[in-house]
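What follows is one structure encoded as structure tokens, with my remarks underneath.
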Amino acid sequence: ISFNAIDSALSSLKNCQSYINSGMDVATQVALDLVESFNDEEDVNKMEKVMLEYATMDRELNHYIKAFEETINQVKREKPENLPDLENLAQEKFLEMESKNSDSDLQKNEKYMYFKDQLKEMKKQYHGNDTIEQIDEDIAVTRSQMNFICPITQMTMERPVRNKVCGHIYEENAILGMIQTQKQKKKKVRCPKMGCSHVDVKGSDLVQDEILKRLIDNQKKQ
């Protein structure tokens, strides 16, 4: 049995996932721009609804891909004399997965969680309470500059990424270079932030820190 056509279709579906991811990235950027420019909260909420719509599409697409992959593996494993109706088999598996859907699934979408986290941080920066504004400017600048320095390069970061496990931030290329070098040696990467006990930094644990990047860019403009 040849599965070339189905494999090709699955490959196309996986490409669709990249479009969904790009859409979620754009929606996140727009929401952060809205907060930064002090737009109406209602506009920001609209972007959150867009993110949830994307998360729904992503979940549905994941289920569809998984249903077809399970169907193909089942047929390959059982090797029936007559080829069954693959579409019906996959549809049954897909509907079974969809029947278990819940709103909490969407809340756990990685890009949606990142959206919420970055939005929260951006609101702190631009809509914080009066006490934030009362902090001595020199102290605030010093604190910011310290946060801007990569613990690996000891230079101001341009593309900061945050480690989801320990919360420390590094220059993206620097930490990915460390991970690649140690991987070739078959060794784990210890977090380069002094005093951190995290001993297994992975590329999958790194997320863009959009808020810090904006702060760094703003300081450069000044």
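These values consider heavy atoms only, across backbone and side chains, with no hydrogens, waters or symmetry-generated copies. The first residue in the sequence is number 1, and the count goes up from there.
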_Check: Gln208/Tyr114 side-chain N/O donor and acceptor closer than 3.5 Å_ = no
Tell me every residue that passes side-chain contact (heavy atoms from CB on, under 4.5 Å) with [X], counting only those two or more places apart in sequence or in another chain.
X: Gln74; value: Arg77, Glu78, Lys93
X: Gln154; value: Ile149
X: Lys188; value: Asp200
X: Val26; value: Val30

*Do Phe115 and Met24 pass the side-chain contact (heavy atoms from CB on, under 4.5 Å) test, and can you show the C-alpha distance, the side-chain angles, and the key distance before you say yes or no?*
CA-CA 8 Å; Phe115 168 87; Met24 294 181 93; over 6 Å; no
Provide the closest heavy-atom pair for [X] versus [Y] in the form atom of the first, atom of the second, distance.
X: Ala90; Y: Thr71; result: CA-OG1, 3.3 Å
X: Val35; Y: Val44; result: CG2-CG2, 4.0 Å
X: Pro192; Y: Pro151; result: O-CB, 4.0 Å
X: Ala174; Y: Thr153; result: CB-CG2, 3.7 Å

Which residue pairs pass the salt bridge (charged side-chain N to carboxylate O under 4.0 Å, His left out) test with at least one member in [range], sequence neighbours excluded?
range: residues 8-24; result: Lys14-Glu69
range: residues 50-67; result: Arg59-Asp105
range: residues 155-177; result: Glu110-Lys164, Asp117-Arg162, Arg159-Glu172, Arg162-Asp209

Atom pair [atom1]/[atom2] of [X] and [Y] - distance to nearest 0.5 Å:
X: Met113; Y: Gln118; atom1: CE; atom2: CD; answer: 12.5 Å
X: Ser11; Y: Ile65; atom1: OG; atom2: CD1; answer: 9.5 Å
X: Lys100; Y: Leu95; atom1: NZ; atom2: CG; answer: 12.5 Å
X: Leu32; Y: Met122; atom1: CG; atom2: CE; answer: 4.5 Å
X: Glu42; Y: Met47; atom1: CD; atom2: CE; answer: 13.5 Å
X: Asn109; Y: Asn62; atom1: CG; atom2: CG; answer: 9.0 Å

*Kindly write out the residues that satisfy salt bridge (Lys or Arg N to Asp or Glu O under 4.0 Å) with Glu98, not counting sequence neighbours, or none if the list is empty.*
none
*State which residues pass salt bridge (Lys or Arg N to Asp or Glu O under 4.0 Å) with Lys183; sequence neighbours excluded, sorted by chain then number.*
none
*Mark yes when over 12 heavy atoms from residues, nucleotides or ligands other than Gln107 sit less than 6.0 Å from its CD; otherwise mark no.*
yes
*Kindly check if the number of other-residue, nucleotide or ligand heavy atoms within 6.0 Å of CG (Asp103) is above 12?*
no
*Stepwise side-chain contact (heavy atoms from CB on, under 4.5 Å) test for Cys16 and Leu61*: CA-CA 8 Å; Cys16 288; Leu61 192 56; 3.8 Å; yes
*Assess whether side-chain contact (heavy atoms from CB on, under 4.5 Å) is satisfied between Met194 and His168, documenting all intermediate values.*
CA-CA 10 Å; Met194 190 175 291; His168 292 127; over 6 Å; no
*Consider only side-chain heavy atoms of I, L, V, M, F, W and Y, link residues closer than 4.5 Å, and tell whether Met57 and Met97 are in one cluster.*
no
*asked:* When you group the ILVMFWY residues by side-chain heavy-atom contacts below 4.5 Å and let the links chain together, are Ile20 and Val207 in the same group?
replied: no
*Please write out which residues are connected to Leu176 in a hydrophobic cluster, directly or through intermediates, given that two of Ile, Leu, Val, Met, Phe, Trp, Tyr count as joined at side-chain heavy-atom separations below 4.5 angstrom.*
Ile152, Val161, Tyr170, Ile175, Met178, Ile179, Val189, Val201, Leu206
*What residues, two or more places apart in sequence or in another chain, satisfy side-chain hydrogen bond (donor to acceptor under 3.5 Å, both in side chains) together with Glu210?*
Gln29, Arg214
*Could you list all the ring-ring contact (aromatic ring centres under 6.0 Å, His included) pairs where at least one residue sits in residues 48-102, not counting sequence neighbours?*
Tyr64-Phe68, Tyr64-Phe94
